[in-house]
2 protein chains.
Amino acid sequence: MTDTLPPETDAQENRPYHHGDLRRALIEAARTIVVRDGAQALSLRGVAREAGVSPAAPYHHFKDKQELVLAVGKLGFEELGEVMAAEIHRVGGTVAERITAIGVAYVLFARDNPALYRLMYDCSRNMEALPPEMHEKEHSAYAIVRNAMIEAGRASPDSEIDVELATIAAWCSAHGIAEMGGFAQFAPLKEALGGELNFYRELLRRTGNFQAR
Amino acid sequence: MTDTLPPETDAQENRPYHHGDLRRALIEAARTIVVRDGAQALSLRGVAREAGVSPAAPYHHFKDKQELVLAVGKLGFEELGEVMAAEIHRVGGTVAERITAIGVAYVLFARDNPALYRLMYDCSRNMEALPPEMHEKEHSAYAIVRNAMIEAGRASPDSEIDVELATIAAWCSAHGIAEMGGFAQFAPLKEALGGELNFYRELLRRTGNFQAR
DNA sequence: AAGATCATCTTGACAGCGTTCAGATGAATT
DNA sequence: AATTCATCTGAACGCTGTCAAGATGATCTT
C-alpha cells in the first residue's frame, strides 16, 4: 500500500507534534469524565491519565485547569446550539410549535447532561471569554433563542433593548427549569402529570416565555 | 467576683465539651469563607484554621466536608426565608405588591450572596436531606412562595398539583434570574433601564410568575 | 470524692491534587 | 546534517480530604 499516514486533510495548523491532537483529546477526555463521573470528579491528572499522557502534559495546551474546563464548556455550548437547531428543523410546523420546541430542547439537553450543563453555566458566569462568542455565531444557542423571540412576536425587532430583554427573560426561565427540573422531589409530580415531558412543558407554559404571542 | 462561668442558660444539650460550640463555629467560619472568597476556596482545613482547631477536629462534628457544606446551605435557606418574610412584612400593601416583593427579595438575596446562593442550590440538588425541610417550617422560603401563589390567585388552593406547579414555576423563574442576572455582560442593559433593580423587576415581570392575577 | 467513661481534640500519616521546572524527545526548519 | 523549538516526561512542592492512635478533660457512676 502507498504511504497512508494520518489524513492531514485539514486542521493542519492545529495538529501538535507528538500526540495526534492532544489538545482536542484532553477536552474530550475531560468531557467524558464530567458526563460520566460529575464535575467534582474532574481532575487535571485524571484527564491526563485518561488521555495517556503525563500529569504535566496538559500545561503545554492550557495554562490552567480552569482553561481546560472553559474549553469543555465552550464545546458544550456548541453542542447545545446544534441540538436546538436540529430540533427546530425536525419540528418545522408553526412558529408557536417551533418556539416551544426550542424551550423543550434546551431543558432536555440539561436533563440529559446535568453535570455538563452545570459546568457550562459556571463557565459563562466566571469568565467573560464565553459571552461574546455566544452572540457571534449565527447558529449559536443565543442567536437561536434571540431569533425565535422576534419571530414569535415576543419582542419588537425595532427595539434592541426589547429583544435583549425578551431573550434574557426566556433564557432565565429555561435555565431555572433546566437546573431545578431534575430534583428528585419532583418525581411524584411528574408521574401525576403523566410523564416528565408534560412536567417540563407545563413549567415552560407557566413561565410563558416560550409561547408565541 | 463570684464564679461567673459561661451563661449556660440554654442549648445545654448541644454544647460540646472543649470548645464553646465548635459545630456552630465551623459552620459560621465556612459561611464566612464562602461569602468572602467563593465556594472553590472553601477547604475543610481552612475552616478548621479559621476556627482555631486542628485539621481533624471537624470530623467529630461532620462525617464529611460535604456534610459541613450541607449545614452551610441549610443556614443559607434559613436566612433566605427570614429575608423574604421580613420583606413581606416591610412592604405590606396589596397582594400584588407583596408577591412582587417576594420575587425581588429572592433575586436580591442571590445578588448579595452569589457564592452562598450557588452553594445552597448545590445542596438542594445533591441531597434529599434538604427538600423535606424546605416544606416543613411554616416560615421557610418554600412555604412563603407557596402561600403567595395561593394568595395571589396564581393557583387554586383546591388543587394540590396546581399549587405545587405554580410554586415550582415561580421558583424556577426566580432561580434563573437569580443566577444569571449577575452576569457582567448585562451591565449595559441594566444601565439602559435606569438601574439594576429595574432590570430585575422587568425580568420578573416578563416571566409573569410573581404577578398577581 | 475518686475513679471510670466517653465525647472531644491533637498529632502524624497517607494518597491525591494543581502546579512548576529542568531535562529528554523528536518534528520542522535551515 | 545540524539546529531550533514545540512537545512531553520525571521529580518535586505545598496543598487538600481523610483516617488511626493517642491525649485531654468534662460528665457519670459508685
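Lettering of chains follows the sequences in order, A, B, ..., and the numbering in each one begins at 1.
- Going from atom CG of B:Leu70 over to atom CG of B:Leu75 covers 11.5 Å, rounded to the nearest 0.5 Å.
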Sort me out a list of protein N/O and nucleotides 17-20 of chain C N/O pairs below 3.5 Å, or just none if empty.
from   : atom 1 : to      : atom 2 : distance (Å)
C:dC17 : OP1    : A:Ser43 : OG     : 3.2
C:dC17 : OP2    : A:Arg49 : NH2    : 2.7
C:dG18 : OP1    : A:Leu44 : N      : 2.7
C:dG18 : OP1    : A:Lys65 : NZ     : 3.4
C:dG18 : OP2    : A:Leu44 : N      : 2.9
C:dG18 : OP2    : A:Arg45 : N      : 2.9
C:dG18 : N7     : A:Arg45 : NH1    : 2.6
C:dG18 : O6     : A:Arg45 : NH1    : 2.8
C:dT19 : OP1    : A:Asp64 : OD1    : 3.1
C:dT19 : OP2    : A:Tyr59 : OH     : 2.8
C:dT19 : OP2    : A:Lys65 : N      : 3.0
C:dT19 : O5'    : A:Tyr59 : OH     : 3.0
C:dT19 : O4     : A:Arg45 : NH1    : 3.2

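- Without hydrogens or angle criteria, B:Arg154 side chain to B:Gln211 main chain gives a donor-acceptor distance under 3.5 Å.
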Contacts under 3.5 angstrom, residues 26-48 of chain B side chains, donor-acceptor by atom type, not counting sequence neighbours:
from    : atom 1 : to      : atom 2 : distance (Å)
B:Arg31 : NH1    : B:Glu79 : OE1    : 2.7
B:Arg31 : NH1    : B:Glu79 : OE2    : 2.8
B:Thr32 : OG1    : B:Glu28 : O      : 2.9
B:Ser43 : OG     : B:Gly46 : N      : 2.8

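- Distance CD (B:Gln40) to C1' (D:dC15): 15 Å, rounded to an integer number of Å.
- Residue A:Phe62 contributes atom CZ, which lies 12 Å from atom P of D:dT7 at whole-angstrom precision.
- Residues A:Phe183 and B:Tyr121 bring their aromatic ring centres within 6.0 Å.
- Here D:dG10 presents its P atom at 13 Å from NE2 of A:His60, a figure rounded to the nearest Å.
- Atom CE of A:Met120 sits about 4.5 Å away from atom CZ of A:Phe109, to the nearest 0.5 Å.
- In this entry the distance linking CG of A:Leu26 with P of D:dT7 reads 12 Å, nearest Å.
- Between the side chains of B:Tyr106 and B:Tyr200, no donor-acceptor pair is found at a separation under 3.5 Å.
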